[in-house]
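See structure below.
Everything numeric in this text was worked out from a predicted model, so none of it was measured. Order of appearance sets the numbers: ligands from 1, and atoms from 1 within every ligand. Just so you know, residue 1 is the first one in the sequence shown, and it goes up from there.
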Amino acid sequence: MPGADRDWWRQAAVYQVYPRSFADANGDGIGDLRGITSRVPYLVELGVDAVWLSPFYPSALADGGYDVDDYRDVDPRLGTLDDFDELVAALHAAGIRMIVDIVPNHSSDRHEWFREALASPRGSAARDRYLFRDGEGPDASEPPSDWTSMFGGSAWEPVGDGQFYLHLFAREQPDLNWGNREVRDDFLTTLRFWSDRGVDGFRVDVAHALAKDLTYPLRSHAELEADKLAGDGAHPLWDREELDEIYAEWRAVFDEYDPPRTAVAEAWVEPHRRARYAAPTSLGQAFNFDLLRAAFGAESFREVVARNLELTRGTGSSNTWVLSNHDVVRHATRYALPDDASDDGAVAREWLLAGGDPAALDPERGLRRARAASLFLLALPGSAYLYQGEELGLPEVAEIPDADRQDPTFFRNAGVDVGRDGCRVPLPWTASGGAFGFGPDGSTASHLPQPDWFASFAVGAESDDPGSTLSMYRAALDLRRRLQGAEELEWVDTGSPDVLAFRRPGGWTVVTNFGPSPAPLPAWAVGREVLLASGPSVSLAEVAGETTVWLR
Ligand code: NOJ
Ligand code: CA
């Protein structure tokens, strides 16, 4: 059982499970809760402290489950509430905590509230739970403004009676009205519902979007874009001041529990605004995606780490580090593209869009750099958020036929963005056999097609290979647990612009050579014990190119 430590989250290694693509217990090609339960021993061996479970709620999957029909139930294709309880019990028995994703900005259009809103007249209490507004123009057929959704196209959908509803994401994801007391109360009920079932924390989807100001006149899309980065709390859609009040109510619920429930905000805000979400009176922690967007290089990595340590200092929160998740091109592939490509993932998305030509990639280099970056990340003070499959060094799957694609980003941005399916392909567990062991024996079903090359990244292929990425992650997570001390880091001089080094309390020292060729180990490091290395060739005097070493 996890202990009563209130601070367990501060430096936890949190492993994100995208439930439909992790493990399939019944062979229908869709990962499910029993599948995850059956793999708890794998998570124990890997050495993670917590699992973050992406949405598993009933959903039509218009957005991979981020379109929730019912916040207090399990999608029947994924299991039942009893299966959920069994999963939590199995994780807890193994000392692993459980964080669930909560999606408060929008429900799905199949949620009973939204169906009621559609069946009710304009001005009704049912419509007030969402953001309905009258159409413009003589016959009210024009949307209330020219705002666009994050997945492309208008952010307003007509409902046939002269009104439109706002959806910042897919049209199947109507935005809730957080000015409505009933909406607020219902989410408090949901937080208690899962907390009572033993959930240890929450990952809060688009946490910066809940509060909105839709008073007229509505400003134009161009004006809003220009104001987006102001970070002054006055933008009508993002990062508004009223969020503090909403999350203070959530915090009061978290604190009803012992240990208090935790939360991490997904808030795409200016770095200096993150602390609002991460405050102990608010959600407690916020994702920092800066490393994920940084180019692979000593200068950019150092700048990101230093800035974030500074931003977090004195906030009461801890740092968060991320290289991959279910929304971005996997880092083994981002780093396999040419040098200028890792920045912001834009080049990676272009590469996917152009058909993912393997000739543009250097996969060995991608994996080498991914391993070096991961070992760098795993030594930083704060929480490490890992995405399923990165421990296998799994690359992005580019070769998904259009007919098999699922992501609304693809459908609403034809020819502009292929979307996020390539990082959501079911995991390979065995090198041979149907669906690479994703399902039970004999099953060949997989809701997204797995490429043949998955075989060499299978858990079964890597498990007993001491040089594999999986073995590196296992060793790193084990050492991290034992070496982890105060949340401090001290930079150490290396004498080389390509080589970064830092020391954690207790003498744990990390050296990363971001350059392509071997660099001499700094004099102070020569002769130290090598605890772990991301690449094979560490001699006593030098560190190989694009390699991280942990020393003591
Ligand atoms: C962020 C989630 O990570 C992403 O997958 C989803 O599409 C949007 N929020 C909308 O819920
Ligand atoms: Ca299944």
Side-chain angles (χ1 to χ4, degrees), residues 16-39 52-57 59-69 71 74-80 83 87 99-109 111 149-152 155 166-176 202-210 237-238 264-269 286-287 289 292 322 324-329 385 387 406-413 417 419-424 426-427 429 434-435 437-440 442-448:
Q16 180 188 0
V17 169
Y18 191 75
R20 290 173 182 80
S21 303
F22 189 67
D24 171 20
N26 65 355
D28 64 356
I30 303 172
D32 43 45
L33 299 184
R34 282 171 176 265
I36 305 169
T37 305
S38 73
R39 298 296 183 181
W52 147 27
L53 192 59
S54 278
F56 52 90
Y57 313 108
S59 169
L61 303 185
D63 180 19
Y66 285 88
D67 45 323
V68 178
D69 297 350
Y71 292 94
V74 172
D75 189 318
R77 284 165 295 186
L78 270 60
T80 62
D83 294 335
L87 171 57
I99 293 172
V100 297
D101 222 306
I102 182 127
V103 191
N105 178 66
H106 41 265
S107 74
S108 82
D109 60 350
H111 191 285
S149 98
M150 302 296 285
F151 295 140
L166 181 71
H167 60 92
L168 295 184
F169 294 89
R171 72 163 71 83
E172 296 88 350
Q173 292 168 299
D175 280 46
L176 287 158
F202 299 88
R203 177 266 188 190
V204 186
D205 191 63
V206 279
H208 58 309
L210 277 49
L237 301 179
W238 309 111
V264 56
E266 185 218 18
W268 294 86
V269 295
F287 282 128
F289 297 115
L292 179 159
V322 185
S324 277
N325 63 33
H326 66 298
D327 288 332
V328 300
V329 176
Y385 284 88
Y387 178 53
Q406 301 175 4
D407 187 2
T409 313
F410 169 73
F411 297 108
R412 298 208 55 160
N413 291 278
D417 193 337
R420 304 162 294 182
D421 296 314
C423 64
R424 300 176 177 183
L427 289 191
W429 292 92
F438 170 60
S443 166
T444 56
S446 167
H447 72 98
L448 280 168

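- Interface atoms of ligand 1 facing R424, defined by a heavy-atom separation under 4.0 Å, are 5 (O).
- The ligand atoms of ligand 1 that sit less than 4.0 angstrom from a heavy atom of E266 are 1 (C), 3 (O), 9 (N).
- Considering the Ca ion (ligand 2) as centre, the angle to OD2 of D32 and to OD1 of D24 is 90° (10° rounding).
- Within the 4.0 Å heavy-atom criterion, the part of H326 lying near ligand 1 is the side chain and not the backbone.
- When non-hydrogen atoms are compared, ligand 1 lies under 4.0 Å from neither the backbone nor the side chain of Q16.
- Summary: OD1 is the N/O/S atom of D28 found nearest to the Ca ion (ligand 2).
- A donor and an acceptor atom, one from each side chain of H447 and S21, are located under 3.5 Å apart.
- Listed by chain and number, the residues in a ring pair (Phe, Tyr, Trp, His ring centres under 6.0 Å) with Y71 are H111, F187 (sequence neighbours excluded).
- Between the side chains of D67 and S59, at least one donor N or O sits under 3.5 Å from an acceptor N or O.
- For D175 and N105, the side-chain atoms include at least one donor-acceptor pair closer than 3.5 Å.
- Between the side chain of D417 and the backbone N or O of T409, no donor-acceptor pair lies under 3.5 Å.
- For ligand 1 and R420, the ligand atoms under 4.0 Å from any heavy atom of the residue are 4 (C), 5 (O), 6 (C), 7 (O).
- At least one N, O or S atom of I30 sits under 3.0 Å from the Ca ion (ligand 2).
- Under the 30°/60° scheme for interplanar angles, the aromatic rings of W268 and F289 are found to lie parallel.
- A donor-acceptor pair is defined here as one N or O able to donate and one able to accept, closer than 3.5 Å; no such pair exists between the side chain of D63 and the backbone of Y66.
- Residue contact check for ligand 1: H106 places a non-hydrogen atom closer than 4.0 Å to it.
- The protein heavy atom nearest to atom 3 (O) of ligand 1 is D327 OD2, 2.5 Å.
- When hydrogens are left out, the protein atom nearest atom 7 (O) of ligand 1 is D63 OD2, 2.6 Å; that is the closest non-hydrogen contact.
- There is no side-chain donor-acceptor pair under 3.5 Å between S108 and Q173.
- At a cut-off of 3.5 Å, with distance as the only test, no side-chain donor of N325 or Y18 sits close to an acceptor on the other residue.
- Considering only non-hydrogen protein atoms, atom 2 (C) of ligand 1 sits nearest to D205 OD1, 3.1 Å.
- Residue F151 has at least one heavy-atom neighbour below 4.0 Å for each of these atoms of ligand 1: 7 (O).
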